[in-house]
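All ligand and atom numbering here is 1-based and tracks the order in the structure. Computed from a prediction, not measured in an experiment: that's the story for all the values here. Numbers here are sequence positions counted from 1.
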Amino acid sequence: MVGWLTVACAADLTFDLKIVAGKLPEAMRLVRVKRGDTVKLRWTSDRPTVLHLHGYDIECRVEPGAVAEMSFVARATGRFPVEEHKPDAKGGHSHGDGALVHVEVLP
Ligand SMILES: [Cu+2]
């Protein structure tokens with residue numbers, strides 16, 4: 001059963017994140033939301049890349065000139081990094097150097 005009162009408290013939040021040369025401007029590196037919010041991350045990048053939101057396990061490909069969207073309901077609280085995936089020789093992937101963004105979901 002879903003109580004409409006709790007649903008009414010949740011917000012729809014959209015964040016526009018622009019990657020330039022594999023990085024985001026300092027001010028965009030933390031996305032803070034509350035549990036239950038519907039979160040949309042709209043990505044652009046000056047080069048093709050694959051992004052991975054850990055914890056929620058959402059992967060998405062970004063091509064220059066297009067907006068790629070990750071959207072999810074923030075059900076799990078905590079701090080989740082978004083990292084770039086780079087293909088490795090074994091057909092798997094490795095991560096880039098450090099997180100582009102942390103998504104923080106507050107209880
Ligand atoms: Cu990953």
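- Among protein atoms, those of element N, O or S found less than 2.8 Å away from the Cu ion (ligand 1) are H52 ND1, H54 NE2, H85 NE2, H95 NE2.
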> Stepwise, does the side chain to side chain contact (heavy atoms under 4.5 Å, CB included) test hold for D12 with K40?
Replying inline: CA-CA 8 Å; D12 269 7; K40 224 178 252 180; over 6 Å; no
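- The minimum heavy-atom distance between H85 and H54, with the atom names listed, is NE2-NE2, 4.3 Å.
- Residues L53 and F72 meet the side-chain proximity criterion, which asks for heavy atoms closer than 4.5 Å.
- Hydrophobic clustering (side-chain heavy atoms under 4.5 Å, transitive across Ile, Leu, Val, Met, Phe, Trp, Tyr) groups I19 together with I58.
- No side-chain heavy atom of V103 sits under 4.5 Å from any side-chain heavy atom of V39.
- Considering only heavy atoms from C-beta on, R79 comes within 4.5 Å of L30 through its side chain.
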